[in-house]
Amino acid sequence: MSATVSFQVPTPRGPQPVTVSYARVGSGEPLLLLHGIGHHRQAWDPVLDILAAERDVIAVDLPGFGASPALPDGLAYDLPTTTSVFTSFCEALELERPHVAGNSLGGLLALELGREKAVRSVTALSPAGFWSEAERRYAFGILLTMRHISRRLPVPLVEQLSRSAAGRTVLTSTIYARPARRSPEAVVAETLALAQATGFDQTLRAGGSVQFTDDLPGIPVTVGWGTRDWLLVRRQGVRAKTIIPRARLVRLPGCGHCPMNDDPALVARVILDGSR
């Protein structure tokens, strides 16, 4: 069921109120799901029912994305702030060290929560932060182009394109290896989510200097990378394994940057195995 929760986040200027929208389903050990920049929690819908059979699943909209309001004025969309937001979110929902899985920006946030020892395990699918400078500029260029296109396309045209496999490929082939598998309704919703994301620009700016450079001793870490990820290329997974030597590096054959839709059964299995 969809819900919202409001809580206070500590900042240098004192506690600030933040509201986060989320959906919660299933039973078992808690599993927090974090989406990527410009996306929304529905990115996880293809794997939600499989995960919910074994986990208490909490899929969230990051602040300024999906149905979650923007952060209060003066709060930065940087890693320390967002990590603090989700630490406070877990406290508000009485989630004691949940498992966490994230994709892209969400994968980087999942690793940060692991670094803070705030979670039991981390599964990061094509996480940000393991790029070279050239790879980062390339990825940011694509993201900015996607954002620009989503804001210029009239909604009736998005709806028309979404009705055909070719149109869904035009709209989403950057992040999916198998875009025709995405439903028309999901493609329309995520195109609008990208266009309307109030946190997009500030989040992207904050990511310009981000590199993940820390090992996570004592926490199970799984890093999954699609073999057809054209946004964050898969050699970045090898770098992640070098930085986090004990991590389980999993190849996701035939999957793109957001693998949950390309192969739901495989991705769900990777997440469940990583959160034992």
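Computed from a predicted model, the values in this text were never measured in an experiment.
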Exercise for review: Please name the pair of heavy atoms, one in V267 and one in P259, separated by the smallest distance, quoted to 0.1 Å.
Suggested key: CG2-O, 3.4 Å

Review point. Under 4.5 Å between any side-chain heavy atoms of E135 and V233, yes or no?
Key: yes

Point to revise | Cluster overlap L105 with L194, hydrophobic side-chain contacts below 4.5 Å | key: yes

Check your understanding: Got a second to check how far D73's CG is from Q16's CD, nearest 0.5 Å?
Key -> 9.5 Å

Review point. Do S2 and R41 have side-chain N/O donor and acceptor atoms under 3.5 Å apart?
Key: yes

**Study point:** Flag, side chain of R168 to backbone of S162, donor-acceptor distance under 3.5 Å
**Key:** yes

Review point. Backbone N or O of A197 within a donor-acceptor pair of the R147 side chain at under 3.5 Å?
Key: yes

Exercise for review: Indicate yes or no for a side-chain donor-acceptor contact from K241 to the backbone of R248 under 3.5 Å, with no hydrogens or angles considered.
Suggested key: no

Review point. Is the shortest distance from a Lys or Arg side-chain nitrogen in D201 or R205 to a carboxylate oxygen in the other one below 4.0 Å?
Key: no

Review point. Would you say S68's side chain and G64's backbone share a donor-acceptor pair under 3.5 angstrom?
Key: no

**Study point:** V187 backbone acceptor or donor facing R182 side chain under 3.5 Å
**Key:** no

Exercise for review: Mark yes when over 12 heavy atoms from residues, nucleotides or ligands other than E133 sit less than 6.0 Å from its CD; otherwise mark no.
Suggested key: yes

Review point. Does the distance from a Lys or Arg side-chain N to an Asp or Glu carboxylate O, for D262 and R178, drop under 4.0 Å?
Key: no

Point to revise | Closest non-hydrogen atom pair, P264 against I50 | key: O-CD1, 4.1 Å

**Study point:** Heavy-atom side-chain contact between V223 and S126 under 4.5 Å
**Key:** no

**Study point:** Other residues, nucleotides, ligands: >12 heavy atoms within 6.0 Å of R276 CZ
**Key:** yes

Check your understanding: Got a second to check how far S209's OG is from L79's CG, nearest 0.5 Å?
Key -> 9.0 Å

Review point. Can any side-chain N or O of R97 pair as donor or acceptor with the backbone N or O of V119 at less than 3.5 Å?
Key: yes

Review point. Taking side chain as C-beta onward, heavy atoms only, is R234 less than 4.5 Å from D229?
Key: no

Review point. Is there side-chain contact between L31 and P98, with at least one heavy-atom pair below 4.5 Å?
Key: no

Study note, to complete from the structure: One should read off an interatomic distance between D263 CG and R181 CZ, to the nearest 0.5 angstrom, of 6.5 Å

Point to revise | From OG (S104) to CG (L34), nearest 0.5 Å | key: 11.5 Å

Review point. Hey, any chance L143 and I149 share a hydrophobic cluster, counting ILVMFWY side chains that come within less than 4.5 Å of each other, even indirectly?
Key: no

Check your understanding: So if you build clusters from Ile, Leu, Val, Met, Phe, Trp, Tyr with side-chain heavy-atom gaps below 4.5 Å, do L232 and L144 land together?
Key -> yes

Check your understanding: Hey, quick one: are V188 and W44 part of the same hydrophobic cluster, counting side-chain heavy atoms closer than 4.5 Å, chains of contacts allowed?
Key -> no

Review point. Is a side-chain donor or acceptor of N103 paired with a backbone partner of G106 at a separation under 3.5 angstrom?
Key: no

Study note, to complete from the structure: Taken to the nearest 0.5 Å, the spacing of R152 CZ from H148 NE2 works out to 4.5 Å

Practice item. Go through R55 and S275 one step at a time and tell me if the side chain to side chain donor-acceptor pair (under 3.5 Å) criterion holds. Key: CA-CA 9 Å; R55 299 286 182 273; S275 59; 3.1 Å; yes

Check your understanding: Do S150 and F200 touch side chain to side chain, with heavy atoms closer than 4.5 Å?
Key -> no

Point to revise | Test item: S84 side-chain N/O and P80 main-chain N/O as donor-acceptor pair under 3.5 Å | key: no

Check your understanding: Should V5 and L113 be counted in the same cluster of Ile, Leu, Val, Met, Phe, Trp and Tyr side chains packed under 4.5 Å apart?
Key -> yes

Exercise for review: Identify the residue among L171, I37, T172, I175 that makes a side chain to side chain contact (heavy atoms under 4.5 Å, CB included) with M146.
Suggested key: I175

Review point. Where do D61 and V20 come nearest, in terms of heavy atoms and distance?
Key: O-CG1, 3.7 Å

Review point. Is any side-chain heavy atom of D215 less than 4.5 Å from a side-chain heavy atom of I243?
Key: no

Revision key, fill the gap. In terms of heavy-atom contacts, I244 and D214 come closest through CG1-O, 3.8 Å

Practice item. Work out which heavy atom in S21 is nearest to a heavy atom in A67; give both atom names and the distance. Key: OG-CB, 3.6 Å

**Study point:** Shortest non-hydrogen separation from P30 to L95 and the atoms involved
**Key:** CB-CD2, 4.0 Å

Practice item. Could you walk me through whether I58 and L93 pass the side chain to side chain contact (heavy atoms under 4.5 Å, CB included) test, one step at a time? Key: CA-CA 10 Å; I58 306 97; L93 265 60; 4.2 Å; yes

Review point. After noting the C-alpha distance and the side-chain angles of V250 and W225, does the key distance pass the side chain to side chain contact (heavy atoms under 4.5 Å, CB included) rule?
Key: CA-CA 6 Å; V250 180; W225 227 287; over 6 Å; no

Practice item. Show your working on side chain to side chain donor-acceptor pair (under 3.5 Å) between T174 and H257 and close with a plain yes or no. Key: CA-CA 8 Å; T174 308; H257 184 62; over 6 Å; no

Point to revise | Residue list, ring-ring contact (aromatic ring centres under 6.0 Å, His included) with Y176, at least two apart or on another chain | key: none

Review point. Under a 4.5 Å cut-off applied to non-hydrogen side-chain atoms, are F140 and W131 in contact?
Key: yes

Check your understanding: Picking from H35, Q42, H39, H40, what satisfies side chain to side chain donor-acceptor pair (under 3.5 Å) with E190?
Key -> H39

Point to revise | Sub-6.0 Å ring centroid separation between Y22 and F89 | key: yes

**Study point:** Chi angles and distances behind the side chain to side chain contact (heavy atoms under 4.5 Å, CB included) call for R115, L111
**Key:** CA-CA 6 Å; R115 194 170 64 83; L111 290 165; over 6 Å; no

Practice item. Take T198 and F65 through the side chain to side chain contact (heavy atoms under 4.5 Å, CB included) test and state the conclusion after the steps. Key: CA-CA 6 Å; T198 56; F65 297 93; over 6 Å; no

**Study point:** Side chains of T227 and R251, donor plus acceptor under 3.5 Å
**Key:** no

Review point. Does Q160 use its side chain to pair, donor to acceptor, with the backbone of L157 at less than 3.5 Å?
Key: no

Review point. Do the side chains of V100 and F86 get nearer than 4.5 Å, heavy atoms only?
Key: no

**Study point:** Heavy-atom donor-acceptor pair, T81 side chain to Y77 backbone, under 3.5 Å
**Key:** no

Review point. Taking atom OG1 of T222 and atom CG of L125, what is their separation to the nearest 0.5 Å?
Key: 9.0 Å

